[in-house]
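Before any comments, here is the structure.
Each chain gets a letter, A, B and so on, in the order the sequences are listed, and its residues count up from 1. In this text, all values refer to a predicted model and were calculated from it rather than measured experimentally. Every heavy atom of this structure was used, including side-chain atoms; hydrogens, water molecules and symmetry mates were not.
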There are 2 protein chains.
Amino acid sequence: MKTVAELLTAARAGHTAAIARLLSIVENDEPGATEVIRATYPQTGRALKVGFTGPPGAGKSTLVSSLTAAYRKTVPRVAVVAVDPSSPYTGGAILGDRIRMREQYLDTGVFIRSMSNRGQSGGLSRATRRVVSVLDAMGFDVILVETVGVGQQEIDVVRVVDTVCLLTIPGAGDDIQAIKAGIIEIADLLVVNKADRPGADEAVKDLMQMLNLGTPRNDWRTPVIKTSSNTGTGIEDLMGAVQKHREWANQGGEAQRRNADAMRTEIQALMRERVLRELERRMDPQQLEDVVSQVVSKRLDPYGAVDELLGPEAKG
Amino acid sequence: MKTVAELLTAARAGHTAAIARLLSIVENDEPGATEVIRATYPQTGRALKVGFTGPPGAGKSTLVSSLTAAYRKTVPRVAVVAVDPSSPYTGGAILGDRIRMREQYLDTGVFIRSMSNRGQSGGLSRATRRVVSVLDAMGFDVILVETVGVGQQEIDVVRVVDTVCLLTIPGAGDDIQAIKAGIIEIADLLVVNKADRPGADEAVKDLMQMLNLGTPRNDWRTPVIKTSSNTGTGIEDLMGAVQKHREWANQGGEAQRRNADAMRTEIQALMRERVLRELERRMDPQQLEDVVSQVVSKRLDPYGAVDELLGPEAKG
C-alpha cells in the first residue's frame, strides 16, 4: 500500500495506475483525499477543460473521441472524464460507448476515466470537479468532460469545465424544444452534431433563434457549430471556437468569476462538513441518550431537546 | 392568512382544511413548522399507526381501502397517508389508485393525504414522520401509511409506523426472491394479498421458509396472513394481528425502543440543521470573499481557506 506522497510522485512521473488511484481517493473522499487536494491544488489551472452535454443519441462519445484524436496532434496528453449521473452503480451506457474509443485506448497519451453516481459525499459534481482538478495538476494539457443528458445534475457536472458545449442533432426539433432555455443559456458553444444528416442547417437556424430569444449573460456571442465525426467536418472549427471562448473568458474576467464561484461553493461545502464533524465530536453520547428519553416520555419536544444539548439558539 | 395558533385551534376542532394546511407546513418545512411540531408533540402517541409496503401490483391501495372501511366500524377517525417515493412531482401512481377509495372519500371520518418526493429538507421519511405525528396529535385513532415499492427509501418511509406490513401476492415467487432478506426482516407482519387467486398457500409456505432462514430480531413471531379485498377474507385476521403486535411491542419495550431510535434520529437532524444555520449566521460575507480570492490566486488551497475562516480544526 503506497502512501499519498508516493502516489503523487509516481503520478507526476506519468504512471497511469498511480493517477487512477489518486482519482479514486478524491472521488470517493477516502482517507488521504485532503492531502491529495492540498498537494495538487497549487499546480492546477493550466489545462484546457471542455465539457460536453446533450440528450442521449446526440453522439457525444464519438465526438469526444474525434476531438481527443485531434487534440493529441497538438498536445502530448489528453484526459477524458465520462460521467453518467443516471447510473448509480457502474458507468453502464457510457462505458459501452467507450468501446468506440478503442483507438484512443491504445494511445498512451490519452487517459480515460469513467465516473458514475455512487452517492459520493457532496455530490457528483463536486467529485467530478476534484477529479478534473487532480488531472489538471498531473499535467494533462486538455481535459474533456462528457455527461449524458440535459437535466440539472448533468449541467452541474459539466459546469466544472471552462467551456461548456451543448450537443444536439439535425431533426431533433422536439428535443431542442425540450432543452429548456436555462440550459441553452449555460452553454458556451452549441454544436449540431451528425451534421452530415439532412436538416443540419435548419437545426442551426432553430438554435440561433432560441439564442436570440434569451437574455445574453455577458458579451460572449454563443456560436453554433456543425460537426460530423463521420466526415470530420467541423472538428477544427469546434477546437477554434473553444480556443476563442477561452481567450474571451480569460481576458474579460469570466474565467476568474467562474473559478471564484466554484471555489466559494467548495469552501462553503468544506465548512459545512467541518462544523458537522465538530458537532459529532463535542456530542456526549450519554447526554444525548438522557435527552432522547426525556423526549420519548414527552417531558421535552425534539426542538427543546436541541436547546438542551446546544443551548438556546442565537437570534438574528 | 391564519396564524399557526388559529390553524391549530381549527384543526383540533376537526376542520379538514386546517389539518391539511398544518400538514403542508410540516411536510415542506415552511415557516411555522417548528411551532406546529412543538405545539402538537405532547399530544402524540395515541394513534394506532400501521404501514404497508410491497411491490407494485400487490394491491396495497385496495387493501388499505378495505382496512379503512373496517377500522371505521370500530373508531370515529381514520387517516390514510399515501407516499410515493418514486414520484418527484405529483403523487402520480398513488393518486390514480386513490380513485378506488372513492367510497372513503365520502366518509367524513376518513382523511386522505398523498405525499410525493419533492426533495423535502431532511428527506421523505422525516417529512412522513412529521405528517403522521401531526395527524396523531389531531386525534386520528388509526393512521395507515402506504408506500409503493420495496427499496430502502420505501422501507425508511414505512418505518415511521408502529407495525409494518409487507404485502406480496400468490404466484409472485420471483418477486419474493427479489425481496431481500433484510426487507423481510423489517416486516412485523407478512401479508399474502389477493389470496383468492391460486397459489396463496404456496406463497405462505415460501414466506414461512424465508422467515425461518433469517435470524429473529426479537421474540416476535412474524405471522403470515392471507387477505383478499375481493372476498373480504383475512381483513379481520390482519386487524387482529396488528393489535397483537401492538400489545407485544408496548409490553416488551419494542415500541419504546423504536420511538427512541426515531427521536434520536430526529434530534440529530435538528442539531445538524442548527449548527449549519449558526455557521451561516457567523459567516462574514466580506471575509469569505477575501478568502475566495486568495484561493483563486492560489495563495491558499480550499482547506487552508476553511482554517482561515473557522480557525484550525480541533483534533481527536
Is there a side-chain contact between A:Q268 and B:M283 (heavy atoms, below 4.5 Å)? no

At a heavy-atom separation under 4.5 Å, does B:P302 approach chain A through its side chain, its backbone, both, or neither? both

What part of B:L279 is in contact with chain A, defined as an atom under 4.5 angstrom from a non-hydrogen atom: side chain, backbone, both or neither? side chain

Closest approach of A:Y41 to B:K298 (non-hydrogen atoms, all atoms of both residues): O-CE, 3.4 Å

Tell me, side chain or backbone of B:R299 under 4.5 Å from chain A's heavy atoms, or both, or neither? neither

Please classify the contact between B:E280 and chain A as side chain, backbone, both or neither, with a heavy-atom cut-off of under 4.5 Å. neither

Side chain to side chain, B:D301 and A:I37, heavy atoms closer than 4.5 Å: no

A:S297 versus chain B, heavy atoms under 4.5 Å apart: side chain, backbone, both or neither? neither

Between B:L270 and chain A, with a heavy-atom cut-off of 4.5 Å, which part of the residue counts as in contact: side chain, backbone, both or neither? both

Toward chain A, the part of B:S293 with a non-hydrogen atom under 4.5 Å: neither

Among A:V306, A:V291, A:L300, residue most engaged with chain B (heavy-atom pairs, under 4.5 Å): A:V306

Under a 4.5 Å cutoff for heavy-atom pairs, which residue among B:E278, B:M263, B:M271 has the most contacts with chain A? B:M271

Does B:L276 reach the side chain of A:L276, with side-chain heavy atoms less than 4.5 Å apart? yes

Is chain A contacted by the side chain of B:D307, its backbone, both, or neither, given a heavy-atom distance below 4.5 Å? both

Tell me, out of B:Q256, B:E289, B:E266, who's got the most heavy-atom pairs with chain A below 4.5 Å. B:E289

Bottom line for B:I267: the part with an atom under 4.5 Å from chain A's heavy atoms is both

